[in-house]
Colleague: 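Here it is, the structure in full.
Protein chains get the first letters and strands the later ones, always in sequence-line order, with residue 1 at the start of each.
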Number of protein chains: 2
Amino acid sequence: MDILELESFLPYRLYRLADAVSHEFSKIYKDRHGLTRPEWRTLAGLGQHGTMTAKALGEQSAMHKTKVSRAVAELELRRWLTRTPDENDRRVEHLALTRAGLAAYREMLPLAKAFERELLARLGAEGRSAIVRGVAALEAALADG
Amino acid sequence: MDILELESFLPYRLYRLADAVSHEFSKIYKDRHGLTRPEWRTLAGLGQHGTMTAKALGEQSAMHKTKVSRAVAELELRRWLTRTPDENDRRVEHLALTRAGLAAYREMLPLAKAFERELLARLGAEGRSAIVRGVAALEAALADG
DNA sequence: CCAAACTGGTTTCATTTGTAACCATCTAAA
DNA sequence: TTTAGATGGTTACAAATGAAACCAGTTTGG
């Protein structure tokens with residue numbers, strides 16, 4: 001019987017890596033503003049697109065609708081976003097950042113970019129190109145499953 | 001002001017990828033045996049090394065000690081592992097799989113390997129080499145922080 | 001029309017998790 | 001020794017999560 005070396009097992013390595021990176025990155029939204037990851041993603045989605053429905057948010061950022069629902073509720077409580085009922089379909093609400101939400105987003109934006117830039121910088125040209133192409137390949141592989 | 005495209009943001013892509021792969025892989029231990037991820041990792045660690053302390057398990061599989069503690073407790077309840085007190089240091093316990101635990105491990109082993117193999121196969125030679133080198137590069141970059 | 005099926009979104013409940021406090025033991029320094 | 005601090009491991013509590021039930025509104029097929 002052969003064994004499985006956990007440290008070399010791709011699913012494990014991938015998860016551990018994502019966890020470490022994500023944890024490191026979370027300082028930007030958690031330590032500074034007390035946001036959770038779903039809240040950060042919601043903010044990022046709205047900052048990027050201006051206006052979205054909860055459903056669209058979930059699709060864009062790969063979050064279950066309950067996560068979206070809770071994140072939106074919390075950001076609304078902070079008055080970082082507002083809901084506007086859809087004219088034609090009364091189940092739907094259009095979400096948009098308030099001035100305060102946009103301000104927070106704009107403050108975090110350069111930090112997020114710097115984080116990514118520095119991470120990639122530490123890899124060197126080779127590792128950088130490898131991770132970018134590798135991630136894309138995996139994404140593609142999973143997409144057509 | 002420029003914006004951040006979430007779909008292109010490395011921390012997000014990495015996390016989403018790891019999540020998808022991990023979720024897919026979890027079928028092997030969750031659906032079949034009702035294990036959690038920490039429990040699976042514990043099983044894998046002990047299967048790989050034969051005997052380990054809780055601390056070593058935590059280090060090997062990047063789990064917080066509470067996760068290890070709970071996973072070990074659950075596997076012990078199933079009678080998949082036993083604890084043997086250390087002779088010299090009575091705080092330490094040496095953990096090892098029972099016959100039943102080993103059987104479960106041996107049953108899952110080929111499934112785990114097949115999973116990884118198929119995942120890599122779907123990538124093609126290029127993507128495969130890219131992800132492997134990219135992941136290694138990132139690991140190295142994070143290691144020396 | 002009208003019931004059945006569907007959809008956007010929320011809530012409830014059980015489970016998982018992270019943090020911190022904790023217990024017992026061990027180590028080192030006075 | 002004795003005591004202060006480290007260390008292996010567990011527990012308690014609050015917060016985050018996922019699954020499923022749910023509500024209101026919308027579509028579809030008869």
Side-chain angles (χ1 to χ4, degrees), chain A residues 15-16 18-20 22-27 29-31 33-42 45-46 51-78 81-96, chain B residues 15-16 18-20 22-27 29-31 33-42 45-46 51-78 81-96:
Chain A
Y15 196 92
R16 188 224 285 223
D19 221 45
S22 175
H23 187 265
E24 193 57 34
F25 178 63
S26 77
K27 288 175 185 159
Y29 54 79
K30 188 173 182 192
D31 292 1
H33 295 285
L35 294 179
T36 63
R37 182 163 43 226
E39 284 155 21
W40 150 252
R41 285 191 186 170
T42 299
L46 293 180
T51 270
M52 299 175 87
T53 66
K55 177 170 199 221
L57 262 171
E59 280 161 4
Q60 197 217 355
S61 53
M63 297 191 292
H64 187 86
K65 57 185 185 165
T66 61
K67 268 191 191 169
V68 176
S69 175
R70 294 188 255 239
V72 167
E74 168 62 26
L75 293 186
E76 185 187 28
L77 218 91
R78 287 185 186 226
L81 66 75
T82 55
R83 312 176 191 239
T84 314
D86 183 275
E87 302 264 297
N88 306 315
D89 187 338
R90 281 148 61 200
R91 293 169 304 182
V92 177
E93 292 171 323
H94 300 277
L95 309 165
Chain B
Y15 195 93
R16 190 225 284 222
D19 219 45
S22 176
H23 188 263
E24 193 58 33
F25 177 64
S26 77
K27 287 177 186 158
Y29 54 79
K30 188 173 180 191
D31 291 2
H33 295 284
L35 294 178
T36 63
R37 182 165 41 225
E39 284 154 23
W40 149 252
R41 285 191 187 170
T42 298
L46 293 179
T51 268
M52 299 176 86
T53 66
K55 175 170 200 220
L57 262 172
E59 279 162 5
Q60 195 215 1
S61 54
M63 296 191 293
H64 191 255
K65 56 187 186 165
T66 61
K67 269 192 191 169
V68 175
S69 175
R70 295 188 255 240
V72 166
E74 168 62 26
L75 293 186
E76 184 186 30
L77 218 93
R78 286 186 186 226
L81 66 75
T82 55
R83 311 177 191 238
T84 313
D86 183 276
E87 303 263 297
N88 306 318
D89 188 338
R90 282 148 62 204
R91 293 168 304 179
V92 177
E93 291 172 325
H94 299 276
L95 310 165

Colleague: Would you mind reading off the distance between B:Met52 atom CE and D:dG9 atom C1', rounded to a whole angstrom?
Modeller: 15 Å

Colleague: Between the side chains of B:Arg78 and B:Glu74, is the shortest nitrogen-to-carboxylate-oxygen separation below 4.0 Å, so that they form an ion pair?
Modeller: yes

Colleague: Whole angstrom is fine here: how far is it from CH2 in B:Trp40 over to P in C:dT16?
Modeller: 18 Å

Colleague: What integer distance in Å separates B:Lys55:NZ from D:dT10:C1'?
Modeller: 16 Å

Colleague: Backbone N or O of B:Thr66 within a donor-acceptor pair of the B:Ser69 side chain at under 3.5 Å?
Modeller: no

Colleague: At a heavy-atom distance below 4.0 Å, what parts of residues 71-78 of chain B sit against DNA chain C?
Modeller: none

Colleague: Please state how far atom CG in A:Asp31 lies from atom C1' in C:dT19, giving the value in whole angstrom units.
Modeller: 14 Å

Colleague: Could you encode protein contacts along nucleotides 17-26 of chain D as a string, one character per nucleotide from 5' to 3', using B for base contact, S for sugar-phosphate-only contact and - for no contact, with a heavy-atom cut-off of under 4.0 Å?
Modeller: BBBB---BBS

Colleague: For the residue pair A:Glu39 and A:Leu75, what are the closest heavy atoms and their distance?
Modeller: O-CD1, 3.8 Å

Colleague: Are the side chain of A:Ser26 and the backbone of A:His23 linked by a donor-acceptor contact shorter than 3.5 Å?
Modeller: yes

Colleague: Is the backbone N or O of A:Ser61 less than 3.5 Å from a side-chain atom of A:Arg41, with the two atoms forming a donor-acceptor pair by type?
Modeller: yes

Colleague: Going by the angle between their ring planes, with limits at 30° and 60°, are A:Tyr29 and A:Trp40 parallel, tilted or perpendicular?
Modeller: parallel

Colleague: For residues B:Leu95 and B:Leu57, report the shortest heavy-atom separation together with the two atoms involved.
Modeller: CD1-CD1, 3.8 Å

Colleague: Test: salt bridge (charged side-chain N to carboxylate O under 4.0 Å, His left out). Region: residues 56-68 of chain A. Which pairs qualify, not counting sequence neighbours?
Modeller: A:Lys55-A:Glu59

